[in-house]
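Since the structure comes first, as structure tokens, the remarks are kept for the end.
Numbers restart at 1 for each chain; the letters A, B, ... are given by sequence-line order, proteins then strands.
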2 protein chains.
Amino acid sequence: MDAIDLRLVELLRTNARLSFAELARQVGLSAPAVHERVGKLESSGVVRGYRADIDPEAIGLGVTALISVVEESTTDADDLQELLRELPEIETCYFMAGVESFLLTVRVGTIAELERLIVRLNRTPGVASTRTAIALSAKWENRPRPLSPHSD
Amino acid sequence: MDAIDLRLVELLRTNARLSFAELARQVGLSAPAVHERVGKLESSGVVRGYRADIDPEAIGLGVTALISVVEESTTDADDLQELLRELPEIETCYFMAGVESFLLTVRVGTIAELERLIVRLNRTPGVASTRTAIALSAKWENRPRPLSPHSD
DNA sequence: ACAGGACGTGGATGCCATCGACCTGCGACT
DNA sequence: AGTCGCAGGTCGATGGCATCCACGTCCTGT
């Protein structure tokens, strides 16, 4: 991970569809060299994939909510995590410090669907309680931060 | 937004670097047709961009936290929002229902940096108080949900 | 019936991805 | 010190892809 890799990461983070030729021009290397670098970034796990950023409303997922989950003291967090993974509405799942072990970002189409999801969550074995906060609007999401070099 | 558009969105959401030729094969159209459809999805705002999904640890952003912000009753939410936008550490910013007007997902390198960020936030005009929860680990983030057709 | 538009196809053309051959600088070993 | 081996670069070739354009087809309103 040198300065050129960092630059490539930053470029791809902003526009994942840039051609290798264009990336090469931007960093001052040849296209094959960039191709190889990006390949290494992918196989080393630095680049985990490439995603189109889709307006959720356009695909009928206009309701975003954050749900904190308190787990029962008797259950194993890993087991609960696997149950949560089954729910496609959960876009993001953090394991948190604090009483509320998990924090979920969920995306559904309607408030009614959100209600059903909350009920399902509360019925999930290992879930003691949940607390839901509704996002009225996303001012921005997943904004790529300008990168600065850092120690390895 | 017909079924083919939805399929294209789903494909690009999973792998934003697919070629138009490959997309064309997957949906059973010619490459120029797909090219035009994707162009329209972009200009209509359905596709907002393409992002490489980067392991945050690899770029020195190993600490993730969620910060709720209570705003002072005297201030305008839009003004505060603009101030928050200046802070590059804030990856996501939701405007929430409830007492805590904003919920921020922030990404920093160290706990010390997080501390500095919290101090800065609390000094920001319009911020009455903040509450921070630290993510110990991200089980998954921005997982693309399998799409189902929906009404337009 | 027919004009117009939205949307598709196929062909042409120039750029891009990707492979292989080769070069170069550096660190490790003798 | 020489030199072996490797990491990582360049260049050139070639086949595939992006993209433009001309044209076909189907629907829709008059």
(message) Looking at B:E42 and A:R17, is any side-chain nitrogen of the basic one under 4.0 Å from a carboxylate oxygen of the acidic one?
(response) no
(message) Please report the distance, rounded to the nearest Å, between CG in A:L18 and P in C:dA17.
(response) 10 Å
(request) For the pair B:E141 and B:R107, find out whether any cationic side-chain nitrogen is under 4.0 Å from an anionic carboxylate oxygen. (result) yes
(request) Compare every heavy atom of A:M1 with every heavy atom of A:V46, then report the nearest pair and how far apart it is. (result) CG1-CE, 4.3 Å
(request) Using a 4.0 Å cut-off on protein heavy atoms (strictly under), produce a 5'-to-3' string for nucleotides 7-13 of chain D with B for base contact, S for backbone-only sugar-phosphate contact, and - for none. (result) -SSBBB-
(request) Please report, rounded to the nearest Å, how far the P atom of D:dA18 is from the CZ atom of A:F20. (result) 13 Å
(message) Could you check whether any side-chain heavy atom of B:K40 comes within less than 4.5 Å of a side-chain heavy atom of B:R37, counting everything from C-beta outward?
(response) no
(message) Is A:H35 close enough to C:dT18 that one of its side-chain N or O atoms is under 4.0 Å from OP1 or OP2 there?
(response) yes
(request) Find the distance A:R17:CZ to C:dA17:P and express it as a whole number of Å. (result) 11 Å
(message) Heavy atoms only, 4.0 Å cut-off, all strands: where does B:R25 land among base, sugar-phosphate and nothing?
(response) sugar-phosphate
(message) Assess whether a salt bridge exists between B:E89 and B:R116, defined as any Lys/Arg side-chain N lying under 4.0 Å from an Asp/Glu carboxylate O.
(response) no
(message) Do the side chains of B:E10 and B:R7 get close enough for a salt bridge, i.e. N-O under 4.0 angstrom?
(response) no
